[in-house]
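Presented below is the structure to which this report refers.
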Amino acid sequence: MLAVTLPAVTLAQSGLFDSIKQSPEEASRLCNYFSSLNQKSISAYSAQAINQIALARNISVTEAEVLVTYVVGLSCPGVR
């Protein structure tokens with residue numbers, strides 16, 4: 001039998017995604033935050049936005065990058 005090991009970040013991402021899937025309100029709040037950044041000419045993918053999400057959720061910057069990409073891609077049309 002072949003054992004497959006998954007990096008810790010992969011395992012954590014599923015929990016991050018689940019929290020967004022189970023709470024459309026959370027996705028909406030994040031979209032509003034990203035939209036407010038866009039109004040200031042700041043991208044949702046900027047270091048500022050990624051770092052803020054990482055700090056607020058107590059996750060790594062890499063996890064925050066994945067979370068932002070996931071939320072924007074699925075829930076935030078028009079956000080850049």
Side-chain angles (χ1 to χ4, degrees):
M1 176 179 222
L2 178 64
V4 177
T5 59
L6 298 174
V9 74
T10 302
L11 297 174
Q13 288 169 4
S14 65
L16 290 172
F17 297 157
D18 288 343
S19 70
I20 299 300
K21 286 180 197 175
Q22 294 173 3
S23 178
E25 298 84 17
E26 181 64 15
S28 180
R29 280 191 292 274
L30 287 169
C31 289
N32 288 337
Y33 170 66
F34 299 143
S35 291
S36 72
L37 290 176
N38 283 182
Q39 291 173 359
K40 299 173 191 171
S41 298
I42 301 170
S43 170
Y45 303 102
S46 68
Q48 176 184 347
I50 299 295
N51 288 330
Q52 183 61 36
I53 295 296
L55 286 172
R57 292 182 164 267
N58 196 31
I59 58 177
S60 73
V61 170
T62 301
E63 290 171 318
E65 289 172 339
V66 172
L67 181 63
V68 168
T69 301
Y70 177 80
V71 172
V72 169
L74 292 179
S75 302
C76 309
V79 166
R80 55 175 178 76

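- For the ring-ring contact (aromatic ring centres under 6.0 Å, His included) test, no residue two or more places apart in sequence or in another chain qualifies with Y33.
- I53 and L55 are not part of a single hydrophobic cluster, where members link through side-chain heavy atoms under 4.5 Å apart.
- The salt bridge (Lys or Arg N to Asp or Glu O under 4.0 Å) pairs that include a residue from residues 68-80 number zero, where partners must be two or more places apart or lie in different chains.
- Listed by first and then second residue, the ring pair (Phe, Tyr, Trp, His ring centres under 6.0 Å) pairs that reach into residues 44-80 are F17-Y70, sequence neighbours excluded.
- Partners of N32 by side chain to side chain contact (heavy atoms under 4.5 Å, CB included), not counting sequence neighbours, listed by chain and number: S28.
- Remark: A27 pairs with I20, S75 by the side chain to side chain contact (heavy atoms under 4.5 Å, CB included) rule, at least two apart or across chains.
- Within the structure, disulfide bond (SG atoms under 2.5 Å apart) pairs that include any residue of residues 34-80 comprise C31-C76 (at least two apart or interchain).
- Atom OG1 of T69 sits about 10.5 Å away from atom CG of L74, to the nearest 0.5 Å.
- Scanning both residues, V79 and S35, for their nearest heavy atoms gives CG2-OG, 3.6 Å.
- Every side chain to side chain contact (heavy atoms under 4.5 Å, CB included) that I42 has, sequence neighbours left out, goes to L37, K40, S46, Q48.
- Taken to the nearest 0.5 Å, the NZ atom of K21 stands 11.5 Å off from the CG atom of L16.
- Judged as a salt bridge (Lys or Arg N to Asp or Glu O under 4.0 Å), the pairs with a partner in residues 44-60 (not counting sequence neighbours) are, in order, E26-R57.
- Partners of Q22 under the side chain to side chain contact (heavy atoms under 4.5 Å, CB included) rule, at least two apart in sequence or in another chain, are D18.
- Contact record, A44 with A49: O-CB, 3.3 Å, taken as the closest heavy-atom pair.
- To the nearest 0.5 Å, atoms CG (L30) and OG (S23) are separated by 9.0 Å.
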